[in-house]
There are 2 protein chains.
Amino acid sequence: MSNQSIKLSVDAVVFGYEEGNISVLLIKRKYEPFKGEWAIPGGFVLNEESLEEAVERELHEETGIKINYLEQLYTFGKPSRDPRGRVVSVAYFGLVRPNAYKIVASTDAEQVQWFNINELPKLSFDHKEILKAAIERLQGKITYEPIGFELLDKKFPFSDLEKLYTTLLGRDIDRRNFRKKMVGLNVLDELDEKVSKGSGRPANLFQFNPKRYFQLKEEGIIFEI
Amino acid sequence: MSNQSIKLSVDAVVFGYEEGNISVLLIKRKYEPFKGEWAIPGGFVLNEESLEEAVERELHEETGIKINYLEQLYTFGKPSRDPRGRVVSVAYFGLVRPNAYKIVASTDAEQVQWFNINELPKLSFDHKEILKAAIERLQGKITYEPIGFELLDKKFPFSDLEKLYTTLLGRDIDRRNFRKKMVGLNVLDELDEKVSKGSGRPANLFQFNPKRYFQLKEEGIIFEI
DNA sequence: ATACTTTTGTGTACAAACTACACATAATGA
DNA sequence: TCATTATGTGTAGTTTGTACACAAAAGTAT
């Protein structure tokens, strides 16, 4: 079909986490269509760049963010999803650490902002649907792949990890059992560092060990919470 | 980017299963590039059709097959993956029942054939990579979603199900434990019909009950083998 | 028709994993 | 120094997983 007139774009649902809040990064659109409304960052793919390059470029252009983990989510292709004509969008799913939270609006974005996933504004295009898919993926995947660590600082107290899981899974977790299981997976290094936030006993810091994780994965040992 | 010149195609990895063999449906290409070589069925998306419609149309045109289960697999977008220029392909993953095994080559396909997944020919484009992703998805997904039934006749003896799992997972399964667990999931109806294939005690037929499955899923009970 | 072969169908004992649960420790702040 | 807050740890009971063998119902060969 040499008369095909379909445009290809990428969109990125980027999640961040801080103190019990899971947030998603949205931009306020500077141009039509949906000018002034909130949307997932993204844009058209250039002829010579890969899809991942396109996502990273658009994210950097529009939000200034430094992404930490990126994977393809799903491709949305309903003929009516963009009022400008046929646009198929490959959606990605990204995670950033709290210390990379700084954001700067530019190019197509009038404004960039973190939104708690429970307090979302109205979204442009079919972005509500995309976001829903991304949230489901995040909630599902956190139980069988070690992606939760990508939302925390490199060194973190155990309680942070626990709170992240309770928040994402939406239910309480037994502290002792969770720790027992997580430590039993053998992918965390306990450091000789402590951190104290306010009152209470200082917590030991932990660090995810990706090398050990991939080694265990090779041996067929699976991460599962 | 109004000067974007990217073409969009769909490809479908279709699996079939019969008597301990997992097969994939391939076509021999009638035209360049890769004329005369084997490839996954697929083709360009029309301007007004959805991606799923495109897959089903191409599959029907090229192979005549009636697909039974279809889900999106992954989108492949490396700039160099097609010698004709930039072509991004949304790959799908399909399953057919043994009684829909009949295939007929036409349009772009000089020939259509089932290949055992362990005896694959050289493949065009990046189709080897796509197939690899599809096989991994099938093997992974069969343990936590009831898609195995889509590869069997509607009514099947328990031994067929067991053999499918041993084949897909590539390891032996304890017959009693497997049956206990599968029956315990409560998504199989035991019918009052028996079937006898050659010598041996006749087997009772079972049937997957999708309604019950979705009901249980709603209640948070998960399928897991 | 009888014995042999083939495939289906079923229960139990032991091991491993999961779940529920409470109190000491180390810090801060009044 | 006493109250408050958060971290760190073990055990008993329950549930789930695993290993394993023999009877039942059909076909096949003599």
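Numbered from 1 within each chain, the chains take letters A, B, ... in sequence-line order. Since we're looking at a predicted model, the values are computed, not measured.
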Length of the CG-C1' vector between A:Asp174 and C:dA17, whole Å:
14 Å
Close residues, residues 178-192 of chain B, relative to DNA chain D [heavy-atom separation under 4.0 Å]
B:Lys180, B:Lys181
Atom pair distance, as rounded to whole Å: CZ in A:Arg175 and P in D:dG8
8 Å
Is the closest side-chain heavy-atom distance between A:Gln72 and A:Val90 below 4.5 Å?
yes
Donor-acceptor pair between B:Gln207 and B:Asp189 side chains, under 3.5 angstrom:
no
Expressed as a whole number of angstroms, how long is the span from A:Lys197:NZ to D:dT7:P?
6 Å
Do the non-hydrogen side-chain atoms of A:Leu120 and A:Leu131 ever get within less than 4.5 Å of each other?
yes
Should B:Ser199 be listed as having a side-chain N or O under 4.0 Å from OP1 or OP2 of C:dT5?
no
Any side-chain donor-acceptor pair under 3.5 Å between A:Glu71 and A:Tyr69?
yes
Please give, in whole Å, the distance from C:dT8 C1' to B:Arg201 CZ?
5 Å
Separation of A:Ile225 atom CD1 from C:dT19 atom C1', in whole Å?
15 Å
For B:Phe158 and C:dT10, give me the distance from atom CZ to atom C1', rounded to whole Å.
13 Å
5'-most contact on DNA chain D (nearest-nucleotide basis), B:Ser196 vs A:Phe206, goes to A:Phe206
Report yes if the side chains of A:Arg29 and A:Asp108 come closer than 4.5 Å at any heavy-atom pair, otherwise no.
no
Please report, rounded to the nearest Å, how far the C1' atom of C:dA20 is from the CD1 atom of A:Ile173.
15 Å
For B:Leu205 and for A:Lys194, find the nucleotide of DNA chain C with the closest heavy atom, then tell me which residue's nucleotide is more 5'.
B:Leu205
Taking atom types as modelled, find out whether B:Ser23 and B:Asn116 have a side-chain donor-acceptor pair closer than 3.5 angstrom.
no
With a 3.5 Å cut-off and just heavy-atom distances, do the side chain of A:Arg176 and the base of C:dA22 make a donor-acceptor pair?
yes
Nearest-angstrom distance from the residue atom CG of B:Asp172 to C1' of D:dA19:
13 Å
Are any of B:Ser159's side-chain N or O atoms less than 4.0 Å away from OP1 or OP2 of C:dT7?
no
Any A:Lys197 side-chain heavy atom under 4.5 Å of A:Asp160 side chain:
yes
